[in-house]
Amino acid sequence: MSAVTVRVPAKVNLQLAVGPLREDGYHDLVNVFHAVSLFDEVTASEPADGDAGEAPLRVRVEGESAGEVPAGDDNLAVRAARALARWAGRSYRADLLIRKSIPVAGGMAGGSADAAAALVACNELWGLGLPLGDLMEIGADIGSDVPFALLGGTAVGTGRGERLTPLPTSGVFHWVFALAGGGLSTPRVYGECDRLREEAGGPVPRPTASDDLLAALRKGDPHALGRALTNDLQPAALELRPALAATLDAGRVAGALGALVSGSGPTCAFLAESAEHAAALAKSIEVADDCRSAVTASGPVPGASVAG
Ligand code: ATP
């Protein structure tokens, strides 16, 4: 095999409960991940013979926001491929091409998605045959969202978010995502969350999964799910980017069943009743000042998989 292309979904957090700051600088989380049909593609190919002597792993990024993604050793896809080669105990070569559609620094885990896709693509290209569990272990060292991008579907993550349990769901949920210009740094949003909590005083409760949310997912009830969506990072994201409040309001006024900031933002997610409702909602949301474009998607979808 000389080239392998893998398609990998973005995630939205249906519940993001953030516990108190730990001694090690992380937070305990309860993170309900949901994979949606907004995909990046990563192709891993064998470098041409004439390229011998070049770096063993090279990356090229295509797509609207390609300029915002590091195109060297810092790229999360390169880091993942390097970690895989190390795990296999050999030096391997690959050229990686990333076609980005997931917003960069948008709170939809696009970088982690590319890392997951690179693991699946290089596992295949190099004929390693590692099982999903091994790829998830390697991925967890790259970033806490990488194991979910491999697994897909809907799952609850605990610890730093990396200990995953798949959740039963029924049916399909329809979404609109309002993409903003530019991104928000995840560490900055967590820092702001800590600052706001310190200012407010009082204890921060231990994070627990919402029973209402889990029941809504099991039943496939979008109205109940819309009411149960929560994100503890939302106040911090709104503090850092106040214009997002108007984007969320535009969706609520237009009849979204639920509206929230996705992860650390600035992408906002809106739940719709049907595909038609999502298309209509997208038109109303797109006019908000801080919305660059609104895209529709559905979930859950499978994790990183070789494109057929
Ligand atoms: P999360 O939701 O996991 O907090 P995010 O969606 O907010 O993450 P990403 O798009 O994953 O943010 O990117 C965060 C940063 O990681 C980017 O600003 C970029 O500098 C860096 N990065 C490294 N590799 C990649 C990649 N392949 N795609 C996107 N960003 C990457």
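Both ligands and their constituent atoms are indexed starting at 1 by order of listing.
Note on ring orientation: taking the six-membered ring where Trp is involved, the planes of Phe173 and His34 are perpendicular (angle over 60°, cut-offs 30° and 60°).
Residue Asp145 touches ligand 1 through its side chain alone, judged by heavy-atom distances below 4.0 Å. When heavy-atom distances to ligand 1 are checked against a 4.0 Å cut-off, Thr186 comes that close only through its side chain, counted from C-beta outward.
Heavy atoms of Gly106 approach ligand 1 to within less than 4.0 angstrom.
For a threshold of 3.5 Å applied to N or O pairs, the pair formed by Leu184 and ligand 1 contains no separation below that value. The shortest N or O to N or O distance between Val104 and ligand 1 is not below 3.5 Å. Close N/O approach between Pro70 and ligand 1 is not found [any backbone or side-chain N/O within under 3.5 Å]. When only interatomic distances are considered, the shortest N/O to N/O separation between Ala77 and ligand 1 does not fall below 3.5 Å. Residue Asp74 has no N or O atom closer than 3.5 Å to an N or O atom of ligand 1. Residue Met108 places at least one N or O, backbone or side chain, under 3.5 Å from an N or O of ligand 1.
Side-chain contact, His174 with Glu276: no donor N or O sits under 3.5 Å from an acceptor N or O. In this structure, a donor-acceptor pair under 3.5 Å is absent between the side chains of Ser262 and Thr267.
Per-residue contacts place Gly110 under 4.0 angstrom from the following atoms of ligand 1 (heavy atoms of the residue considered): 6 (O), 10 (O), 11 (O). Close contacts of ligand 1 with Ser264, meaning ligand atoms under 4.0 Å from a residue heavy atom, involve 4 (O), 7 (O). Distances below 4.0 Å separate heavy atoms of Val69 from the following atoms of ligand 1: 25 (C), 26 (C), 27 (N), 28 (N), 29 (C). Close contacts of ligand 1 with Asp114, meaning ligand atoms under 4.0 Å from a residue heavy atom, involve 26 (C), 27 (N), 28 (N). Less than 4.0 angstrom separates some heavy atom of Lys11 from each of these atoms of ligand 1: 2 (O).
Surrounding CZ of Arg188 are at most 12 heavy atoms belonging to other residues, nucleotides or ligands under 6.0 Å away. Residue Asp289 places its CG atom among 12 or fewer non-hydrogen atoms of other residues, nucleotides or ligands, all under 6.0 Å distant. Other residues, nucleotides and ligands place no more than 12 heavy atoms under 6.0 Å from the CD atom of Glu198. Atom CZ of Arg82 has more than 12 heavy atoms from other residues, nucleotides or ligands within 6.0 Å. Applying the 6.0 Å contact sphere to CZ of Arg60 captures no more than 12 heavy atoms from other residues, nucleotides or ligands. Within 6.0 Å of CD in Glu64 there are 12 or fewer heavy atoms belonging to other residues, nucleotides or ligands. Residue Arg206 places its CZ atom among 12 or fewer non-hydrogen atoms of other residues, nucleotides or ligands, all under 6.0 Å distant.
By the rule that hydrophobic residues join a cluster once side-chain heavy atoms approach within less than 4.5 Å of another member, Leu14 and Val261 end up as members of separate clusters.
Counting only heavy atoms of the protein, atom 16 (O) of ligand 1 lies nearest to Leu76 CD1, 4.4 Å. Closest to atom 11 (O) of ligand 1, if we only count protein heavy atoms, is Gly111 N, 2.7 Å. Scanning the protein for heavy atoms near atom 6 (O) of ligand 1, the closest one is Ala109 N, 2.8 Å. Of the protein's non-hydrogen atoms, the one nearest atom 5 (P) of ligand 1 is Gly107 N, 3.5 Å.
Here the shortest heavy-atom distance to atom 14 (C) of ligand 1, taken over Gly143, Ala71, Ala105, Ala80, belongs to Ala105.
Side-chain contact between Asp145 and Phe33 is present, with heavy atoms from C-beta onward closer than 4.5 Å.
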